[in-house]
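Here is the structure we will look at.
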Number of protein chains: 2
Amino acid sequence: MTLKDLAGSLGVSTATVSNAFNRPNQLSPKLREHILSEARRLGYSGPDAKARSLRTGRSRIIAVVLAESLTYSLNDAVASELLSGIAEVLDAHGHTLLLLSGRQSGARVPGSSSIADGFIVYGLMPSMMLIDELQGPGQRPLVAVDFDLEGQPTVHVDDEPACYAIGRHALQTRPRRPAVVNLRLTKHPCNARIAPDQELLPAARTITRSRLAGFHRAFAEHGIDPAGVPMWNIEENTYEVCAPVIAEILDLPDDERPDLLLCMSDRIALTAVTLAEQRGLRVPQDLRITGFDGIAEGQYRAPRLTTVRQDSVEKGRIAARMVLGLDPAEPRLLHTTLLIGDSCP
Amino acid sequence: MTLKDLAGSLGVSTATVSNAFNRPNQLSPKLREHILSEARRLGYSGPDAKARSLRTGRSRIIAVVLAESLTYSLNDAVASELLSGIAEVLDAHGHTLLLLSGRQSGARVPGSSSIADGFIVYGLMPSMMLIDELQGPGQRPLVAVDFDLEGQPTVHVDDEPACYAIGRHALQTRPRRPAVVNLRLTKHPCNARIAPDQELLPAARTITRSRLAGFHRAFAEHGIDPAGVPMWNIEENTYEVCAPVIAEILDLPDDERPDLLLCMSDRIALTAVTLAEQRGLRVPQDLRITGFDGIAEGQYRAPRLTTVRQDSVEKGRIAARMVLGLDPAEPRLLHTTLLIGDSCP
DNA sequence: CTGTTAGCGCCTTCAC
DNA sequence: GTGAAGGCGCTAACAG
């Protein structure tokens with residue numbers, strides 16, 4: 001059943017039916033109601049989305065491109081919150097959400113990406129090819145979240161000041177052996193301690209760099225040489241990947257084991273809390289731990305995490321509003337708030 | 001830049017360009033390579049998805065319709081795992097994922113739903129209107145997960161036997177005051193204790209009903225009258241909604257407070273563990289707790305949850321394979337495994 | 001192996 | 001307020 005069929009059986013032109021669905025003020029209310037009710041009766045459920053989008057050039061679909069695999073992203077609290085915020089705004093404005101991953105197993109970008117009216121890209125892609133294609137001639141809006149993309153509006157969090165604040169708080173009690181646990185900081189994948197001469201990703205490619213800068217500023221201010229602070233790196237923000245690295249840290253001999261762990265995410269910090277518990281290490285007496293993100297899980301279990309809260313839902317809302325053209329397409333910086341919990345009072 | 005333009009500048013017909021992209025064996029490798037490289041050079045990134053989908057009738061997009069709001073679903077571990085499994089299969093077969101919610105705030109079903117090649121519907125919709133429209137004349141495949149939809153293939157978990165198994169395990173140590181904490185069991189929304197005469201949803205409308213039947217079978221087998229077991233109900237599987245109800249239970253006077261809590265989800269059980277800890281109640285000595293789902297969070301924190309693990313990722317994979325026509329469209333029942341943790345040894 | 005042709009279903013000027 | 005006509009970009013027959 002197509003619009004044309006319907007017009008045929010009603011004895012009106014296709015334009016009139018189209019108007020009944022799309023431009024109420026172009027025909028009499030009475031006729032419109034008649035058409036709509038007949039449509040329902042005959043089982044015509046409105047203009048076909050495929051044809052409509054070809055004709056109008058718009059699909060009312062926004063694609064969210066996630067750097068990581070969908071499997072990972074959907075199970076990450078921060079990414080989920082971001083998606084929630086995006087979905088909320090899109091839904092409120094009659095748009096729907098198409099999920100794409102930067103790590104498609106399929107050979108190339110799925111053709112279906114060209115159907116979207118705009119893109120929200122989250123986290124740095126392993127390859128820029130995808131982005132290049134998205135930015136193609138169509139000139140559809142694109143918003144980058146948590147990384148920089150030349151010539152495109154971005155949404156960021158104040159990573160450096162946030163980590164400075166948390167570092168300053170943690171250093172009020174002077175640690176004997178502080179350490180930093182990073183997330184995707186090294187140029188080459190590494191789930192282990194970072195060697196002093198190891199090559200790191202540039203600041204433009206990972207927010208961890210800004211966060212580290214914040215910690216370093218706090219260290220310097222407290223007379224601690226940042227170069228002397230041992231660092232570890234973790235590639236993926238999951239318990240499974242974090243656990244071995246954290247175990248390596250906690251299983252160091254007593255006189256080498258850090259007594260302060262500045263972690264780049266709450267997931268890392270929570271893993272540290274769990275493994276410390278298992279080893280009979282008391283938090284915060286034997287080991288103080290800080291996180292980043294402020295995810296719910298860290299706030300309702302004991303000991304409550306000392307961390308910095310970023311409003312990922314709001315980040316998503318803003319990105320969505322930008323891509324829909326409701327907000328001006330300009331760089332945005334969200335502020336964070338320090339949450340002082342029990343893991344580092 | 002369209003396919004036609006490209007054909008024009010290369011001096012070949014549009015069919016040849018189309019073949020270069022879609023049917024490699026319909027033209028010489030040499031010509032194909034030439035066309036593809038010229039396309040890249042001129043900035044043509046392949047056939048437009050909108051036009052292609054209109055022409056072929058297929059979009060390579062599968063829509064997942066979630067009963068709850070996207071905000072809720074994305075933050076629920078079980079729904080996220082389901083989506084992971086779906087995404088994994090779709091991705092492997094060159095399809096992408098469109099997210100729809102049964103609780104659209106937008107007036108009606110978004111027109112964009114008619115773009116999908118098939119639907120996976122998760123959890124019972126508040127209204128069947130949406131489903132009716134999806135099932136419209138198009139006859140596109142539809143798979144229902146965790147609820148029944150007449151005439152459509154479904155994917156279920158063995159809820160009744162699973163709860164029978166967990167109940168049997170828990171009742172090996174005879175509780176003095178067992179209780180059940182349900183999820184969406186009552187006909188009318190209720191976040192409180194369920195009155196004996198309160199109307200419940202029919203089994204076809206909530207899996208909780210099957211789960212409860214499993215518990216009741218275990219009770220009966222142990223000579224406990226199910227009717228004498230107090231029940232509570234919770235409407236949404238989040239800490240925020242669970243906490244007040246659990247608090248109400250735990251704050252009962254000592255001689256009324258349950259010493260065994262059979263919970264319909266790990267989220268509920270974890271909330272109970274947290275609130276019990278806060279009140280100085282020891283788990284499992286003072287209060288034994290069981291869950292359902294087997295989510296990661298319940299397995300790596302102490303005390304490890306006694307629960308039943310359902311493989312939601314696999315559930316998603318199966319649903320996706322069915323909707324893509326890779327598996328036969330027939331009812332499927334997945335098995336669960338009992339996980340005996342420390343919350344109810 | 002390559003080119004021609006006829007729509008897929010709809011929206012939107014333009015004339016009436 | 002209504003109808004006729006063209007084309008959005010592409011693919012699948014069919015011819016050559």
Side-chain angles (χ1 to χ4, degrees), chain A residues 1-36 38-39 42-61 110-117 136-140, chain B residues 1-36 38-39 42-61 111-117 136-138 140:
Chain A
M1 166 72 82
T2 72
L3 185 146
K4 199 171 165 185
D5 299 339
L6 181 61
S9 9
L10 293 186
V12 297
S13 84
T14 61
T16 303
V17 178
S18 176
N19 284 335
F21 280 96
N22 301 316
R23 300 129 135 250
N25 56 341
Q26 292 295 306
L27 74 177
S28 69
K30 195 176 151 189
L31 177 56
R32 176 173 137 90
E33 202 33 70
H34 173 62
I35 292 177
L36 261 36
E38 279 300 284
L42 297 171
Y44 176 73
S45 47
D48 177 79
K50 297 194 260 285
R52 186 222 279 275
S53 69
L54 174 58
R55 178 61 234 247
T56 62
R58 302 190 328 119
S59 60
R60 300 180 84 74
I61 289 176
S112 41
S113 67
S114 66
I115 212 165
D117 290 343
Q139 289 304 1
R140 287 162 296 177
Chain B
M1 167 70 84
T2 73
L3 185 145
K4 200 169 165 187
D5 299 338
L6 180 62
S9 17
L10 292 186
V12 298
S13 84
T14 59
T16 303
V17 178
S18 177
N19 284 335
F21 280 96
N22 301 317
R23 302 131 116 217
N25 57 339
Q26 293 295 305
L27 74 177
S28 70
K30 198 176 147 187
L31 177 57
R32 176 174 137 90
E33 200 35 67
H34 174 63
I35 291 176
L36 259 38
E38 279 300 284
L42 298 172
Y44 176 73
S45 46
D48 176 79
K50 296 193 262 282
R52 187 221 280 274
S53 68
L54 173 58
R55 179 61 235 240
T56 63
R58 302 189 329 117
S59 60
R60 299 181 83 75
I61 290 176
S112 42
S113 67
S114 68
I115 212 166
D117 291 343
R140 287 162 297 177

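All values reported here derive from a predicted model rather than from experimental measurement. Every chain is numbered from 1 and lettered A, B, ... according to where its sequence line falls, protein lines coming before strand lines.
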Notebook entry, point to check: Which part of the nucleic acid does A:Asp5 contact within heavy-atom distance under 4.0 Å: base, sugar-phosphate only, or nothing?
Noted result: nothing
Check: Looking at B:Arg55, does any N or O in its side chain come under 4.0 Å of the phosphate oxygens OP1/OP2 on D:dG9?
Finding: no
Item checked: Euclidean distance, atom CG of residue B:Asn22 to atom C1' of D:dC10 [Å, nearest integer] -> 9 Å
Notebook entry, point to check: Among D:dG9, C:dG9, D:dT2, which nucleotide sits nearest the side chain of A:Thr2?
Noted result: C:dG9
Check: So what does A:Leu54 touch, heavy atoms closer than 4.0 Å: a base, only the sugar-phosphate, or nothing?
Finding: base
Next item on the list: Give B:Asn19 one of three labels, base, sugar-phosphate or nothing, depending on what nucleic acid heavy atoms sit under 4.0 Å from its own.
Entry: nothing
Item checked: Nearest to side-chain heavy atoms of B:Ala15, which nucleotide of D:dA5, D:dA12, C:dG9 -> D:dA12
Check: Measuring from B:Leu3:CG to B:Arg52:CZ, what's the distance to the nearest 0.5 Å?
Finding: 10.0 Å
Note to self: Once salt bridge (charged side-chain N to carboxylate O under 4.0 Å, His left out) is applied, do any residues pair with A:Glu38, and if so which ones, sequence neighbours excluded?
What the structure shows: A:Arg41
Item checked: Residue whose nearest DNA chain C nucleotide is more 5′ - B:Thr56 or B:Ser28 -> B:Ser28
Checklist line | Atom-to-atom span, CG of A:Leu6 to C1' of C:dC10 - whole angstrom | finding: 13 Å
Notebook entry, point to check: Just how far, in rounded Å, is P of D:dC10 from CD1 of B:Ile35?
Noted result: 14 Å
Note to self: I want to check one thing: is the phosphate of C:dG9, taken as OP1 and OP2, less than 4.0 Å away from some side-chain N or O of A:Tyr44?
What the structure shows: no
Notebook entry, point to check: Closest to the B:Ser13 side chain: C:dG3, C:dG9, D:dG9?
Noted result: C:dG3
Check: Counting side-chain heavy atoms from CB outward, which of C:dG3, D:dT2, D:dG9 is closest to A:Thr16?
Finding: D:dT2
Notebook entry, point to check: Atom CG in B:Asn19, atom CD1 in B:Ile35: separation rounded to 0.5 Å?
Noted result: 8.5 Å
Notebook entry, point to check: What's the CG-C1' distance between B:Leu10 and C:dG3, to the nearest Å?
Noted result: 15 Å
Check: A:Arg23 near the nucleic acid: base, sugar-phosphate alone, or nothing, with a heavy-atom cut-off under 4.0 Å?
Finding: sugar-phosphate
Checklist line | 5' priority, DNA chain C, between B:Leu31 and A:Thr14 [closest heavy atom] | finding: B:Leu31
Next item on the list: Decide yes or no for B:Ile115 and A:Ile115: does some side-chain heavy atom of the first lie under 4.5 Å from some side-chain heavy atom of the second?
Entry: yes
Notebook entry, point to check: Please give, in whole Å, the distance from D:dC8 C1' to A:Arg58 CZ?
Noted result: 15 Å
Checklist line | Point-to-point distance, once rounded to the nearest 0.5 Å, from CG of A:Leu6 to CZ of A:Phe21 | finding: 6.5 Å
Margin query: Between P on C:dT5 and NZ on B:Lys4, what's the gap in Å once rounded to a whole number?
Written below: 12 Å
Next item on the list: Can you tell me the distance, in whole Å, between the CG atom of B:Asp48 and the P atom of D:dG7?
Entry: 18 Å
Item checked: Rounded interatomic separation in angstrom, taking CE from A:Met1 and C1' from C:dC10 -> 16 Å
